[in-house]
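Everything below concerns the one structure shown next.
Numbers for residues simply follow the sequence, beginning at 1. This one's a predicted model, so the numbers in the text were calculated from it and none came from an experiment.
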Amino acid sequence: FPTGVPPAPDSAPAALTAPPLRALGPPPLGPISPTPRAESGRPSAAADAEEHGPKASDVPASTVLAPLREALAACRPTVQKQVCSDIERRLTVLGDAWAQGKLSAPVRKRMKILVQELQQQHWDTADEIHRSLMVDHVNEVSQWLVGIKRLIAEMRSLPTVE
């Protein structure tokens, strides 16, 4: 894909657009997790916060980026330098997009929730949020979300510190 702003869907020649998606029906309504949470037996507070929390425009980039950078720092001793560099580069792309106002409110809000789930070591929920972002906002997140996915995977495989 060319870098920069993607063209409006109706103005791009067919050869430059993504292949058509198969009709899967409307996205599910309700919490992001398809199964009840084993830890608490109730839907996560994060799903509720997405519906009723503060406005996404109020989410400062540092709320999301600082914990992600801390997570990356925690991974550095056990993860290959090249992988860490790639994640770091993608976090920078995320930070730049955020600072330039290129991220929609739903993306900013879901990233805030994803980070909260990461901090609570709810790996599956963080992964679900990552997946929903990729499905619902692929053009907006494709440059950096791969780094978040890798960071979730690396965090999950770290030895747990109680």
Side-chain angles (χ1 to χ4, degrees), residues 1-9 12 18 27-34 37 39-40 43-158 160-161:
F1 274 17
T3 56
V5 181
L29 302 174
I32 296 166
S33 280
R37 297 289 303 263
E39 296 91 275
S40 62
S44 84
D48 190 51
E50 184 169 5
E51 300 298 320
H52 307 291
K55 289 190 330 218
S57 55
D58 297 341
V59 180
S62 59
T63 305
V64 168
L65 288 167
L68 290 173
R69 292 191 197 286
E70 286 171 26
L72 177 58
C75 291
R76 281 193 191 278
T78 57
V79 178
Q80 290 178 359
K81 186 177 181 191
Q82 185 179 353
V83 171
C84 290
S85 298
D86 182 63
I87 293 171
E88 187 170 32
R89 183 179 59 78
R90 290 175 189 277
L91 290 179
T92 301
V93 172
L94 166 60
D96 292 349
W98 199 302
Q100 295 164 14
K102 291 181 178 177
L103 300 181
S104 65
V107 169
R108 294 192 309 263
K109 199 182 289 190
R110 284 196 214 172
M111 282 305 299
K112 178 183 178 205
I113 296 166
L114 186 150
V115 164
Q116 290 168 345
E117 295 295 342
L118 262 186
Q119 290 173 314
Q120 295 170 35
Q121 299 183 0
H122 297 157
W123 314 125
D124 292 340
T125 306
D127 220 28
E128 283 293 323
I129 296 168
H130 151 267
R131 243 189 314 280
S132 74
L133 279 166
M134 201 49 135
V135 169
D136 298 341
H137 304 280
V138 68
N139 290 336
E140 213 173 325
V141 304
S142 60
Q143 296 294 310
W144 50 267
L145 198 59
V146 175
I148 305 299
K149 177 187 173 114
R150 185 65 188 258
L151 191 54
I152 294 168
E154 297 299 347
M155 289 293 294
R156 186 189 294 247
S157 65
L158 282 179
T160 16
V161 180

**Q.** Trace of the side-chain contact (heavy atoms from CB on, under 4.5 Å) decision for R131 with E128
**A.** CA-CA 5 Å; R131 243 189 314 280; E128 283 293 323; 2.9 Å; yes

Q: Could you check T125, I129, I152 and say which one makes a side-chain contact (heavy atoms from CB on, under 4.5 Å) with L118?
A: I152

Q: Could you check L72, T92, L68 and say which one makes a side-chain contact (heavy atoms from CB on, under 4.5 Å) with I87?
A: L72

Q. Passes side-chain contact (heavy atoms from CB on, under 4.5 Å), L91 versus W144? Steps please.
A. CA-CA 7 Å; L91 290 179; W144 50 267; over 6 Å; no

Between the side chain of [X] and the main-chain N/O of [Y], is any donor-acceptor distance below 3.5 Å?
X: T63; Y: V59; answer: no
X: E140; Y: S104; answer: yes
X: R90; Y: I148; answer: no

Q.
Are more than 12 heavy atoms, taken from residues, nucleotides or ligands other than Q100, located less than 6.0 Å from that residue's CD atom?
A. yes

Q) Taking atom CD of Q119 as the centre, does the number of heavy atoms from other residues, nucleotides or ligands within less than 6.0 Å exceed 12? A) yes

Q.
Would E88 and R76 count as a salt bridge (charged side-chain N to carboxylate O under 4.0 Å, His left out) here? Give the steps.
A. CA-CA 11 Å; E88 187 170 32; R76 281 193 191 278; 3.2 Å; yes

Q: Identify whether the distance between the nearest side-chain nitrogen and carboxylate oxygen of R110 and D136 falls below 4.0 Å.
A: yes

**Q.** CA sep, side-chain torsions, deciding dist, call: D124, R156, salt bridge (charged side-chain N to carboxylate O under 4.0 Å, His left out)
**A.** CA-CA 9 Å; D124 292 340; R156 186 189 294 247; 2.9 Å; yes

Q) Does the side chain of W98 come within less than 4.5 Å of M111's, by heavy atoms? A) yes

